[in-house]
Amino acid sequence: MSEKFTGSFTQQEALPEAAIEAAMTVMRHGRLHRYNVAEGELGETALLEQEFATQVGAKYCLAVASGGYAMATALRAVGVGHGDKVLTNAFTLAPVPGSIASVGAEPVFVGVTEDLTIDLADLATKADQAKVLMLSHMRGHLCDMDRLMQICDAAGITVIEDCAHTMGASWNGVASGRQGAVGCYSCQTYKHVNSGEGGLFVTDDAEIAARAIMLSGSYMLYERHLAAPGPEVFERVKYETPNISGRMDNLRAAILRPQLADLYAQVERWNARYQELEAGLRDTPGLTVVERPEAEIYVGSSIQFLLLDWSAEAVAEVISRCAKHGVELKWFGGAEPAGFTSRYDSWRYAEAQSLPKSDRILAGIVDMRVPLTFSLEDCAQIARIIRAEVSAVYQSG
Ligand SMILES: *Cc1c(COP(=O)(O)O)cnc(C)c1O
């Protein structure tokens, strides 16, 4: 293979002009704090919340400082506290167990299947171990959400959804984040909308919404929200809910509103790239493509494939050969956490747990980011490189 890809795996697109204009307006008037509004003015943050609630069909929405903050706030708002156990995915990223640890609770890991979704059989077995599931739709793979909700409803488990990779996705027509009690989204640069940092929180439960707004640091100014429950709900929670500041500001909200309006067009662009990559990788000997279920509308902002039952050395060889050809792959099987990849056994603040079936799958997961700055030709070239290097290592092994 003599080809070399020269694009960047971490280069984002510029923000749309409408976002830049909106940011300039906020900077010119200087009212960046969400509650700093002129007489009669509706702040950018309150408008963002109202629009996102409508977009996903939720009653209530709160914009916050990060996706991780939204998740920790959700845990607090549903009543998780020190020493409680919380079920969560073994295959996910560090902010997920981190949100559980941040409220003094303890993660109980649930396994991953070859579809890269939560193992529902393992979940059913562990359903009596916790009252809350922090469900991570890791890398945008949605499990059978109907079955998951059946298991959790039957066991009295409250579901919080981590939709960092599923903003814009849906299961059987229901927007991701709308089956559980709370949906949490990230607006960080590497997710589906980009405000540098930021998070969104949606729910239909008035008390959960009121507690989350109080927690985020509303200084009793909750009446300035446009996607919040009525003041009578705040009367019930306001003296008992601590202020753990993590608000969004009007500058970030201003640049997010035009991006959310473009979200579904961006999803199509991501999926065209994803499908180009997938088609180029299909039928490579030794490589397993992750099939997507029909009920799922996904957002192909990253792609994964499996090198199942390969030796660690052979996987490492593929990664290094692809890197020489300009293709940056990440491996979830590495013993040491590197970049954004880590394994559940590297989160040592959690009690050690053993999931041998998942270990086999994690050891084979290779992951690649799909920035929108890649063209379809770039994606075809990247797939050719991966295919050639995987085949070469497979044949030699
Ligand atoms: C990015 C991410 C988060 C948290 O988002 P931040 O905004 O970075 O706090 C949560 N879960 C997953 C799976 C993520 O990738």
Side-chain angles (χ1 to χ4, degrees), residues 22-23 25-54 56 58-82 95 98-99 102-105 160 177 181-188 193 195-257 260:
T25 304
V26 172
M27 289 190 287
R28 288 201 173 98
H29 67 52
R31 294 185 292 279
L32 269 69
H33 191 281
R34 68 165 298 162
Y35 298 120
N36 183 202
V37 287
E39 185 69 33
E41 181 188 20
L42 301 174
E44 291 283 344
T45 310
L47 288 167
L48 167 72
E49 290 164 344
Q50 188 177 49
E51 289 163 3
F52 192 66
T54 305
V56 298
K59 281 194 188 150
Y60 311 114
C61 177
L62 173 68
V64 293
S66 72
Y69 182 88
M71 288 155 56
T73 301
L75 289 167
R76 288 195 175 94
V78 303
V80 174
H82 195 87
S99 71
S102 80
V103 300
I160 299 169
V182 183
C184 303
Y185 308 79
S186 171
C187 311
Q188 190 235 80
V193 288
S195 57
E197 302 287 355
L200 289 160
F201 172 113
V202 299
T203 183
D204 284 347
D205 184 297
E207 288 227 355
I208 291 175
R211 272 191 229 112
I213 290 167
M214 294 300 305
L215 283 161
S216 76
S218 63
Y219 300 117
M220 305 298 163
L221 298 170
Y222 45 77
E223 291 190 49
R224 293 189 193 163
H225 284 245
L226 299 171
E232 69 289 352
V233 186
F234 288 90
E235 286 304 322
R236 296 203 290 271
V237 304
K238 71 182 190 186
Y239 300 105
E240 279 138 45
T241 311
N243 176 329
I244 304 174
S245 287
R247 294 169 302 273
M248 179 170 281
D249 58 86
N250 286 333
L251 188 54
R252 287 189 181 134
I255 65 177
L256 286 171
R257 291 177 60 208
L260 280 170

### Query
Could you give the distance from CG (Asn36) to CG (Asp249), rounded to the nearest 0.5 Å?
11.5 Å
### Query
Minimum heavy-atom separation for Ala206 to Pro229, with atom names?
O-CG, 3.4 Å
### Message
Tell me which pairs pass side-chain hydrogen bond (donor to acceptor under 3.5 Å, both in side chains) where either residue lies in residues 200-209, with sequence neighbours left out.
### Response
Arg178-Asp204, Glu207-Arg211, Glu207-Arg236
### Query
Is there side-chain contact between Glu51 and Leu260, with heavy atoms separated by less than 4.5 Å?
no
### Query
Hey, what do you get for CD (Glu49) to CZ (Arg34), rounding to the nearest 0.5 Å?
4.0 Å
#### Entry: Evaluation steps, side-chain contact (heavy atoms from CB on, under 4.5 Å), between Leu251 and Met27
CA-CA 7 Å; Leu251 188 54; Met27 289 190 287; 3.9 Å; yes
### Message
Taking ring pair (Phe, Tyr, Trp, His ring centres under 6.0 Å) as the cut-off, I'd like each qualifying pair that reaches into residues 211-249, sequence neighbours left out, listed once.
### Response
Tyr35-His225, Tyr222-Phe234
### Query
Taking Glu197 for the side chain and Ala65 for the main chain, is one N or O donor matched with an acceptor at less than 3.5 Å?
no
#### Entry: Atom of Ala22, atom of Ala254 and distance for their closest heavy-atom approach
CB-O, 3.6 Å
### Task
Apply side-chain contact (heavy atoms from CB on, under 4.5 Å) to the pair Ser216 and Thr73, showing each step before the final yes or no.
CA-CA 8 Å; Ser216 76; Thr73 301; 5.6 Å; no
### Message
Please enumerate all residues that pass side-chain contact (heavy atoms from CB on, under 4.5 Å) together with Ile244, with sequence neighbours excluded.
### Response
Tyr69, Arg76, Leu215, Pro242
## Note on the structure
Between Met248 and Val64 the two heavy atoms that sit nearest each other are CE-O, 3.4 Å
#### Entry: Gap separating the CD atom of Glu44 from the OG1 atom of Thr25, nearest 0.5 angstrom
8.0 Å
#### Entry: Steps toward side-chain contact (heavy atoms from CB on, under 4.5 Å) verdict (Glu240, Met214)
CA-CA 9 Å; Glu240 279 138 45; Met214 294 300 305; over 6 Å; no
### Summary
Separation between CG (Leu62) and OG (Ser218), nearest 0.5 Å, reads 9.0 Å
### Message
Restricting to non-hydrogen atoms, name the atom on Ala46 and the atom on Arg224 that form the minimum distance, rounded to 0.1 Å.
### Response
CB-O, 3.7 Å
### Task
State, yes or no, whether a side-chain contact exists between Phe52 and Leu256 at a heavy-atom distance under 4.5 Å.
no
### Message
I need the minimum non-hydrogen distance between Ser195 and Ile255, along with the two atoms involved.
### Response
CA-CD1, 3.8 Å
### Message
What's the separation between atom CG in Leu42 and atom CG in Leu48, rounded to the nearest 0.5 Å?
### Response
13.0 Å
## Note on the structure
Taking every heavy atom of Ala74 against every heavy atom of Cys184, the minimum-distance pair comes out as CB-SG, 4.0 Å
### Message
Apply side-chain contact (heavy atoms from CB on, under 4.5 Å) to residues Ile213 and Tyr60 and explain how you reach the verdict.
### Response
CA-CA 10 Å; Ile213 290 167; Tyr60 311 114; over 6 Å; no
